[in-house]
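Worksheet for the structure shown next.
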Amino acid sequence: MRASQLFLPTLREDPGDAEAVSHRLLVRGGFIRQVSAGLWTFLPLGWRVHQKIVQIVREEMDAIGGQEMLMPVLTPAELWQKTGRYAIPEVFKLTDRAGRPLVLPLTHEETITFHAREISSYRQLPQFLYHFQTKDRDEPRPRGGLLRVREFIMKDAYSFDRDEEGLEQSFRLHEAAYHRIFERCGLEYYAVQAESGMMGGSESADFLAPAGSGQNTLVTCENGDYAADLEIARGVPRAPEFPERLDAPEEVQTPGVTTIEGLAERLGIDSAATSKAMPVVRNDGTVVLGLVRGDDRLNESKMAGVLRGGFRPATDEEIRKAFGASGGSLGPVGVSVEVVADETLREGQFVSGANRDGVHLRGIEAGRDYEPRFADLREAREDDACPKCGGRLRFQTAIEIGHIFKLGTFYSMPLEATFLDESGSERPLVMGSYGIGPGRIMAAAVEQRHDEHGIAWPRALAPYEVEIVAIGAAGPEVTAIAERLGEDLEAAGISVLLDDRDLRPGEKFADADLLGCPLRVTVGKKTLEDGRADVLVRRGRGEQRVPVDALAAHVREVL
RNA sequence: CGGGACGUGGCGCAGCCUGGUAGCGCGCCUGCUUUGGGAGCAGGAGGCCGCCGGUUCGAAUCCGGCCGUCCCGACCA
């Protein structure tokens, strides 16, 4: 491809409204352009990268027996009403001229399950079906360029099995395929257990790529034996220094003390030997008291999991009504509401509020003074120890590049997608779903591989493997040789971008650095004096002068 | 949805406080010179100053409303 013919609007300066590195560099490099909040056009160069990713995903899905198809974006609302997902606020809803309600899908579970009704026998199982299709989401807040958008292309795959055992096998097959995909894309990534969110279903695994900008927090152990999303990460906190044990709770006057720090200081004790009460109200209006160690934070997604649904912090009036005290003086003893306590409170005696303003209780013991439901509620912290080996935990922001779910019969039951087993009895299909966002892989690659000059694509994703820069007053001789080199490389199966634009060398070099092709071949009068060209590795920037005749062989070697 | 910021040629910005002929850098077009890390000179094109309304003799500038975009948070298949 000739750069002079390419629609490649590169920018000398960062776009004013871009923060994330991938956002800045992809816009500057002419890969993408914004149309509106969360709506992006892939320009020719960006689309090449996108399609490279798509092809890798396609090959690996096909390799495990996936069958590619295509389902429409416009979808009758009826299907979504049956599964209950019509109520999700992120779903774009519209009507046709006759007033028939339609949705723009977040994912295609409903539609694929509609088709799966044509699976009628256990003999046809398992089935793996997938497509690459546009997804729309009415996001409350798009951000970060491609990191969080309102419309994007997803590869979503669906497995259909006769039972949980089959699903387990299908799930593992897809998991392995995902590992191969992300390896091939040249990304650093971690597979972690995850929340199932609005997908429904039992187990799910998230693939997270550490990145300077990201929506997730990835927790990993320095020894490499533990990785989790912060939403479910389990860290091991230090042991508290408990004061002397008491046979019964004892009141202490703590007027004006409303914070844990204040409390620990006032009583001269370790803040880890106190407990913190977080009153919340569930969707059905009932009040629950969450209890964590004083030096910990309540993790909201863990709490939502324990309560099996949404909740919000209780208001001051609700707190006063339920506990007869204000927020800073709450505790688990003698309350009428359900108490959910973090596992760290199982052993030992803690200080807690007495449910009277200005009064706390020492020596509170779970099981003796109150009967909580125990659960993992605390948010992991950076100074926690690894739950597997005791090593140090590391926190990084990360991009979610793939997510796989065991759905079970969440969709097949309401949509009545059933099959007959050997005994002739009708059973619902057991499903899994597996999603990858190529745009996010693209963003993650840029986040992980860039320098102050621009992008350094992994070879597998690069828009072109080699960029040839013809310089000097790119006279006819230089141009002719640059063109011939390009043809040689392409004949050897290497993709080439030839910068034949009438620009000064500095501008071409700057653009080449920005675009990030793995190799840059420079041809100019000086190199040609002795029949050579310069080959520069974008990453690491090692440059070598190579005879023109040996260029194709050399390029193949270092690429 | 709560908080904050911003909206001025294609891009990045100044001007606004204190109302009076719309400016700078980059890019773009033409010509000449130049050509191994974002050239120089000369000439030129291009702007509903986000939109609507108000105040005023007069509004990019002051006031009100709306819209849009970004950032933090809530949310997040």
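So that the names make sense, note that chain A is the first sequence line, chain B the second, and so on, each numbered from 1. Heavy-atom basis, side chains included; hydrogens, waters and symmetry copies ignored.
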Start with the C-alpha gap between A/Tyr189 and A/His179, add the side-chain angles, then the distance that decides, and say whether ring pair (Phe, Tyr, Trp, His ring centres under 6.0 Å) holds. CA-CA 9 Å; A/Tyr189 71 97; A/His179 280 285; 5.6 Å; yes
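For a distance-only test at 3.5 Å, the side chain of A/Glu507 fails to qualify as a donor-acceptor partner of the base of B/G36. With hydrogens and angles left out, the side chain of A/Asp14 and the base of B/G12 share no donor-acceptor pair within 3.5 Å. Contact of A/Arg520 with B/G37 (side chain to base): a donor-acceptor pair of N or O atoms is detected under 3.5 Å.
Position along RNA chain B of the nearest nucleotide to A/Ala20 versus A/Gly16 favours A/Gly16 as the more 5'-ward residue.
If you take CD of A/Glu231 and C1' of B/C76, they are 9 Å apart, rounded to a whole angstrom. The separation between A/Arg12 atom CZ and B/C13 atom P is 16 Å, rounded to whole Å. To the nearest angstrom, P of B/C71 lies 9 Å from CG of A/Leu147. Atom pair A/Gln34:CD and B/G68:C1' shows a separation of 11 Å (rounding to whole Å applied). Going from atom CG of A/Asp499 over to atom P of B/G36 covers 15 Å, rounded to whole Å. As a whole-Å value, the separation of A/Glu139 CD from B/C70 P is 13 Å. In this entry the distance linking CZ of A/Arg501 with P of B/A39 reads 13 Å, nearest Å.
Between B/G46 and B/G9, the distance separating the two C1' atoms is 6 Å to the nearest Å. B/G23 and B/C6: their P atoms are spaced 24 Å apart (whole Å). B/G7 and B/C13: their P atoms are spaced 9 Å apart (whole Å).
The two residues A/Ala533 and A/Val523 have their closest heavy-atom pair at CB-CG2, 4.2 Å.
Between A/His554 and A/Gln544, some side-chain heavy-atom pair lies under the 4.5 Å cut-off.
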